[in-house]
Amino acid sequence: MWCRNPDKEEPVGRNFLSRKPPAADSAAAGLDRGLRSYRRFRAMVLLLISVSIAPPTAQSRNPGAAAADAGAPESVVGNADNGKRLFVRDGCYECHGIEGQGAVGIGPRLAPDPISLRALTNYLRKPAGVMPPYSAAILPDQEAADIHAYLKARPRPAGIDRIPTFKNPRRDP
Amino acid sequence: MARATGPSFKRRDFLKTAITGAVSLAAPATSVNAQQNEPAARRVPTAPPAPEADPPPEPAGLTLQRSGSDFMTDVIKSLPFEYICANPGDKFRALQESLTGPYGGNTSPEWITCLHEDTSVGMAHGFAKMEGTPLCVFAHGTVGLQHAAMAIYNAYCDRIPIFLVVGNSLDISDNHSVQDAAAMVRDFIRWDDAPVSLRRFAESAIRAYKTALTPPMMPVLLVADSELQERPMPPGREPPIPKLTRAQPPQGDSASLAEAARLLVAAENPVIVVDKYARTQAGVDHLVRLAELLQAPIVDQAGRMNFPAQHPLNHSFVRPGATGNADVVLGLEVSSLYRTVQATRRQSATSISICSDGLLTKGNYQDTGRFQSVDLDIAADAETSLPPLIEAVEHRITADRKALFEARGRTLAAAQQKAFEQARIDATYAWDATPISTGRLSAEIWEAVKNEDWSFVSYIMHFSWWPLRTWPIEKRYHFNGGTGGNGMGYNAPAALGAALANRKHGRFTVNVQGDGDLMYAPGVLWTAAHHRIPILNVMHNNRAYHQELMHLQRMACRHSRGLDEVGIGVRIENPDIDYAKMAASMGVYAEGPITNPKDIGPALKRAVAVVKRGEPALVDVVSQPR
C-alpha cells in the first residue's frame with residue numbers, strides 16, 4: 001500500500017510532461033534516472049493530495065510532443081483488436097483508463113485523437129515523467145502500433161448536452 | 001479442554017460427562033473414591049432442588065452490590081460520549097456489563113458492536129471528523145490494541161480525537177496481560193495513563209478527554225485495570241468526578257497575525273493552501289471570507305472539507321496551478337509547506353504557516369513531512385486564528401488594493417470556471433465503457449442523491465477526485481476528508497462512523513467504497529445492518545489493489561522483465577468476490593455486480609429508497625481503476 005514519504009518529494013508546478021527526455025544511456029545514468037523517475041512517480045502521486053491537482057485537460061494530453069522529432073516506426077500498420085488486448089495486458093489502462101480517457105493526476109488522456117505513432121513510440125521508450133519505460137523488449141514496435149491503432153479507434157465522447165445530469169452548468173454537475 | 005471429534009462422539013455422552021464433572025467438583029472429598037467405581041448415570045444427584053423462594057445464602061464475596069466498574073461507568077457517562085465502539089474483551093468484562101446492563105442502561109453512550117478493533121477505531125475516526133466530538137472505543141489491552149493500532153495511526157496522522165479505553169490486568173501474568181499497555185501506540189497518541197485507583201481513573205479520564213480535544217488533536221488512551229474494575233466498592237466512599245471543562249485552542253499571537261495580514265495584503269499573488277483546517281462550518285465560512293477579502297486562490301489538499309468546491313476562488317484543480325506564481329503562501333493546518341514553497345518561482349515565495357503541528361511533541365513517525373523553513377511560522381490552531389487574521393486583513397485593505405484584488409478575482413474566477421467545465425467534459429469520456437468509468441459512476445451517483453441532504457464520506461483520491469471536481473460541495477458535512485495515514489482499511493469503517501454521526505441529523509450518507517479497503521474488515525457491513533445505520537455504499541470494485549499494481553508495473557518495466565506477472569499479489573480476482581452476496585449475508589440490501597453502465601441508475605434508485613427507510617445498502621459496480 002501507498003506510504004507517504006515526503007523526503008524525496010520534488011518541486012511541483014513544473015509539468016513533468018514538458019521535461020526533455022533523458023540523455024544517452026549508461027548503467028549509472030540509467031540507475032540514477034530510474035531512481036529519479038521513481039521519485040518523480042512518488043512525487044506525482046503525492047501531487048494528488050497536495051498542491052497541483054489538475055485534470056487531464058487538453059493542455060496535458062500530448063505526452064509525446066516533446067519527443068516527436070525522434071525516429072519512430074510511423075509506417076507500421078497496427079491491429080486495433082490486438083491493441084486493445086495489449087492496452088490491458090501491458091497495464092496502460094491502469095493510469096490512462098480502458099478507453100484511454102485519462103485519470104486526473106495519474107495518466108493524461110490518450111484517446112480519441114492520439115498523438116502520432118512516432119511520438120507515442122518514442123515516448124514509450126523514453127518517458128520523461130512518471131510513466132514506466134517500455135523498452136522494445138517489453139513492447140516491440142509492432143505492439144506499439146497495435147496500441148496506437150486501438151487508441152485511434154476509440155469513439156468520441158457523447159458530449160455533455162446528451163447527458164441529463166450535466167445539464168445545469170454550475171449547480172448540477 | 002480437549003476437543004472431542006469423530007462420529008463416535010455423541011451429545012448425550014458429552015452431557016453425561018459434563019454433569020459428572022460438575023457433581024464431582026461439588027461433592028465432599030471423601031465420596032470421590034467411592035463414586036469412581038459407579039456408573040456415570042448413578043452419580044447424578046436425585047435430591048430435588050431447593051425451592052426458588054428459599055435460595056441458599058450466597059457465600060460472601062461471590063456477589064456484590066457495587067463494583068469499581070460501576071464507578072468507572074459513572075465517569076464515562078459524565079463525558080459527552082454518544083457511543084462506544086467495541087467488540088468484547090475479557091479484560092473489560094465488568095466495565096462492559098456495567099455500561100450495557102441495567103446499571104448503565106446502554107445509553108449515552110450506547111454500545112456499537114464492531115467485529116474488529118480496526119473497525120471500532122475507524123468508526124470513531126469518521127464520526128469525530130464529521131461531528132466534531134470524540135467517541136469512546138474499548139479494546140483489549142494486548143491483542144485488541146494490536147488490532148486497533150493501524151487505525152489509531154490513521155487518526156493520529158489525521159489529528160482526530162479518539163478516547164480509547166483498554167482493559168488490562170497487572171495482577172495476572174498471561175498472554176493477555178501487559179506491563180505497559182500504551183507503549184505499543186505511544187508514538188502516535190497524544191496522552192495516556194494507567195490509573196491504579198478509582199480516584200485517579202476519574203481524574204485521568206477527564207484529563208484525557210480534554211487533552212484529546214486540544215489542538216493538535218489526536219487519540220488518547222486510558223488503561224482500565226481489570227482488578228480495579230471488579231473490586232467491590234463500598235458505598236459512600238466514591239471519589240469525586242471532576243467537572244469537564246475545555247481548554248481554549250491556541251490562537252496565533254496578535255503581532256504575528258498582524259504581520260501575516262500585512263504580507264497577504266501587500267502580495268501580488270497570494271495563495272492559501274489548506275489541509276486539515278476546518279472542523280466546523282464556521283471554519284469554512286471564515287476561510288471563504290478571508291479568500292474573498294483578498295481575492296486569493298485556495299489550493300485545498302482535501303484533508304477536510306475546507307472550502308466550497310465550486311467557489312470561483314477554489315483553484316485546487318486549475319491548471320496551471322496558482323502556486324507557481326505565488327509571492328506569498330499561507331498554509332492553514334498544512335503539516336509541511338515544503339512542496340508548496342518549492343513549487344513557487346525560484347522557490348522565492350514568502351511563506352506563512354498557521355498550524356498546530358508546531359505544538360506537536362512526537363517525532364518517531366514522519367507524518368509531518370519534509371522540513372521547510374517558514375518565514376512566519378505561527379504555532380497555533382488555524383481555525384481559531386482566522387477571525388483575528390480576517391480582522392487584521394480588513395483593517396489593511398485600502399481602496400487601491402481592493403480594486404486590484406477585484407481584478408485579480410475576475411481572472412481567477414474565469415480560470416476556475418474553465419476548469420469546472422473541463423471536469424464535466426472529462427467525465428463524459430468512456431461514458432459507455434465496460435468496466436464502468438469512474439467519471440460515469442460519479443455522475444450516476446450524483447444523479448441518484450442530488451435531491452437528498454447528502455453527505456459524501458469517502459476517501460477520494462482513488463476515485464479520481466470526481467465529487468470534488470464536479471459536485472457542489474459547499475457545506476462542512478458534504479465531504480469528510482482523507483485518511484490521515486493512508487492506512488488501508490480506513491474507508492469502510494470511517495464512512496460508517498460518519499454515517500452514524502449523520503443519522504441524527506437526517507442526512508443521506510453516500511460512500512464510494514474500494515474493494516480492497518472493504519476486505520480488510522468486511523464485518524463493518526454487519527455493524528451497519530445490526531445498528532440500522534443508513535448509508536449508501538457504492539462499490540468502486542476494480543478487483544485489485546491498483547495503487548500497488550501501478551508500482552509493480554513500473555518496477556517490471558524498469559527491470560525490463562515484462563508485465564505478465566505484475567498482477568500477482570495485487571489483483572483481487574479468480575474468484576471475483578461477490579460483494580452483493582457478501583453484504584446480503586450480513587443483512588444489508590445489496591445489488592450487483594453491475595457491469596452495464598445503463599444498470600447503475602436504476603439500481604441506485606432502489607438502493608436510495610432503502611437508505612431513506614433508515615437502512616444500509618450496497619451497490620456493487622465493476623469499475624475501472626481510477
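Residue numbers begin at 1 in each chain, while the letters A, B, ... track the order of the sequences. Predicted model, so just to flag it, every value in this text is computed and none were measured. Just so you know, these numbers use all the heavy atoms, side chains as well, and skip hydrogens, waters and symmetry mates.
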Under the side chain to side chain contact (heavy atoms under 4.5 Å, CB included) rule, what do B:Asp426 and A:Arg109 come out as? Steps first, then yes or no, please. CA-CA 9 Å; B:Asp426 290 343; A:Arg109 183 178 306 134; 2.3 Å; yes
Heavy-atom side-chain proximity of B:Glu444 to A:Thr165 below 4.5 angstrom: no
Residue B:Asp564 versus chain A: region with a heavy atom under 4.5 Å: side chain
Taking side chain to side chain donor-acceptor pair (under 3.5 Å) as the definition, give me every residue that meets it alongside B:Asn154, ordered by chain and number, with sequence neighbours left out. none
Roughly how far apart are B:Ser560 OG and A:Leu139 CG, rounded to 0.5 Å? 11.5 Å
Please classify the contact between B:Leu549 and chain A as side chain, backbone, both or neither, with a heavy-atom cut-off of under 4.5 Å. side chain
Under 4.5 Å from any heavy atom of chain A, what part of B:Arg345 do you find: side chain, backbone, both or neither? neither
The salt bridge (charged side-chain N to carboxylate O under 4.0 Å, His left out) partners of B:Asp357 (sequence neighbours excluded) come to B:Arg159
Find the distance between OH (B:Tyr429) and CZ (A:Arg154) and round it off to the nearest 0.5 Å. 14.0 Å
Closest heavy-atom contact between A:Ile138 and B:Ala556? CD1-O, 4.0 Å
Turns out that what part of B:Thr434 lies under 4.5 Å from chain A's heavy atoms comes down to backbone
Can you list the residues of residues 85-94 of chain A that sit under 4.5 Å from chain B, counting heavy atoms only? A:Arg89, A:Asp90, A:Gly91, A:Cys92, A:Tyr93, A:Glu94
Is there a side-chain contact between A:Ile106 and B:Met550 in this structure, where contact means two heavy atoms from C-beta onward sitting under 4.5 Å apart? yes
Most heavy-atom pairs under 4.5 angstrom with chain A, which of B:Gly482, B:Ser464, B:Cys157, B:Gly303? B:Ser464
Taking the side chain as every heavy atom from C-beta outward, state whether B:Leu563 and A:Tyr134 have any atom pair closer than 4.5 Å. yes
For B:Ala443 and A:Phe166, work out which heavy atoms get closest and say how close. CB-CZ, 4.0 Å
Applying side chain to side chain contact (heavy atoms under 4.5 Å, CB included), name anything that partners B:Ala430, two or more places apart in sequence or on another chain. A:Glu99, A:Gln101, B:Ala433, B:Ser437, B:Gln624
Measuring from B:Arg554:CZ to A:Cys95:SG, what's the distance to the nearest 0.5 Å? 10.0 Å
When rounded to the nearest 0.5 Å, the distance separating CD1 of A:Ile163 from CH2 of B:Trp431 is 4.0 Å
